[in-house]
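Please read the structure below before turning to the comments.
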Number of protein chains: 2
Amino acid sequence: MAQDRPPSNRSTTQRAAVLRAVESVHTHPNAEEVYRLVRKNMPNISLATVYRNLHLLADEGKLREVQFLGDVLRYDAMTDPHEHFYCRACHRVWDLDSSLPETVLRATERKTHGSIERYALDYYGLCSHCRKSTTSRD
Amino acid sequence: MAQDRPPSNRSTTQRAAVLRAVESVHTHPNAEEVYRLVRKNMPNISLATVYRNLHLLADEGKLREVQFLGDVLRYDAMTDPHEHFYCRACHRVWDLDSSLPETVLRATERKTHGSIERYALDYYGLCSHCRKSTTSRD
DNA sequence: TCCACTAATAGTAATTATTCCTATTAATGG
DNA sequence: CCATTAATAGGAATAATTACTATTAGTGGA
């Protein structure tokens, strides 16, 4: 998870471009994919800058980090609470409307002695396309 | 996520030791930690063997893979459905009883066109200990 | 508008996590 | 017991991310 950092404010063209890149797609891109997107318009941006700004934007709440089993961190411009479906064959991600009732969250807070700041609810399976075109063995 | 593999059967002392190591702790250890545990009794086991067997045992359903945002894969000997609380400060994990009602699962299956095989519900926050001893900024 | 300050960047090296490779070892079935 | 071959040990290779550092460029004030 992105560590908290002292708040950063200087607004750079690179930071804006990284945010716009994630917002421009619905694929929940990882750092490498964001790098490829941004380089179309900003060929000299460095990969380290992409990583730094993705973390920063996540800390600021402008992006949401998501990660699926065995996969690398990805970024989601949809920051409102919602869940994900991850296809284990094609590795595509679908956004789902929030399905976790408040009652469940409250119950969990009672059971946990810690304070809950956020949660991730991720479903795994085969998407309709991959269910047709592959065997169940990936 | 562990890819499916052709079923493996030859039972080795290394494989048994890896399984026992994960079962012996409640910390949801990662590969490196399992390696350290196993080496106490089996000093020559190789790290690659630990990785291979962890994947294999997960495929066989004897272990469950878990992963939290920004962290590496960990392994859980509790394979029955349950949820996790992950402390973002000390990175310890707590098991929670299942709190996701069947009605929610069914509703999600209706919304998803894919078939759901499993899900992960992970809560993030500060555990009671870290809430006292750290500021909210990790 | 210019300047001084310093946060942020580009480019690259280093680190971390994981997988791959291969000669050797050992589990298994006959 | 062998013969077969899956699995291992050890190390090299790869992939993902972070760290390092000289240079660039936002920013706030004169």
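We use all heavy atoms of the structure for the numbers below, so side chains are in, but hydrogens, waters and symmetry mates are not. Quick caveat: nothing in here was measured; it's all calculated off a predicted structure.
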Discussion item. So if I define the base as every atom that isn't primed, P, OP1 or OP2, how would nucleotides 21-30 of chain D read as a B/S/- string at a heavy-atom cutoff under 4.0 Å?
Written reply: ----BBS---
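- Taking atom CZ on B:Arg74 and atom C1' on C:dA17, their separation rounds to 14 Å, with Å as the unit.
- B:Thr79 places none of its side-chain heavy atoms less than 4.5 Å from the side chain of B:Leu63.
- Between A:Glu83 and the options A:Trp94, A:Tyr123, A:Tyr119, a side chain to side chain donor-acceptor pair (under 3.5 Å) holds for only A:Tyr119.
- In this structure, A:Leu73 atom CG and C:dT16 atom C1' are separated by 14 Å, rounded to whole Å.
- Ring centroid separation for the pair A:Tyr124 and A:Tyr86 comes in under the 6.0 Å cut-off.
- When the options B:Arg64, B:Glu33, B:His28, B:His55 are evaluated for a side chain to side chain contact (heavy atoms under 4.5 Å, CB included) with B:Tyr75, the one that passes is B:His55.
- Between the side chain of A:Gln67 and the backbone N or O of B:Gln67, no donor-acceptor pair lies under 3.5 Å.
- Straight-line distance from the CZ atom of A:Arg15 to the P atom of C:dA7: 12 Å, rounded to whole Å.
- When rounded to the nearest whole Å, the span between CZ of A:Arg36 and P of D:dA16 equals 10 Å.
- Near DNA chain C, meaning a heavy atom under 4.0 Å away, the residues from residues 37-51 of chain A are A:Asn44, A:Ile45, A:Ser46, A:Ala48, A:Thr49.
- Counting only heavy atoms from C-beta outward, the side chains of A:Glu32 and A:Leu47 approach each other to under 4.5 Å.
- Regarding B:Asp71, its CG atom lies at a distance of 11 Å from the C1' atom of C:dA17, rounded to whole Å.
- Annotation: B:Asp97, atom CG; neighbour count of heavy atoms from other residues, nucleotides and ligands within 6.0 Å does not exceed 12.
- If you take CG of B:Leu54 and P of C:dA17, they are 15 Å apart, rounded to a whole angstrom.
- The CD-C1' distance, from B:Glu60 to D:dA7, rounds to 13 Å in whole Å.
- In this structure A:His26 satisfies the ring-ring contact (aromatic ring centres under 6.0 Å, His included) test with no other residue, sequence neighbours excluded.
- Between B:His55 and C:dT18 there is no side-chain polar atom (N or O) within less than 4.0 angstrom of OP1 or OP2.
- In this structure, B:Asn53 and B:Tyr51 have side chains that are not in contact, with every pair of non-hydrogen atoms separated by 4.5 Å or more.
- Among the heavy atoms of the strands lying under 4.0 Å from A:Asn53 are primed sugar atoms or P, OP1, OP2 only; no base atom is included.
- Put simply, OH on A:Tyr35 is 14 Å from C1' on D:dT17, counting in whole angstrom units.
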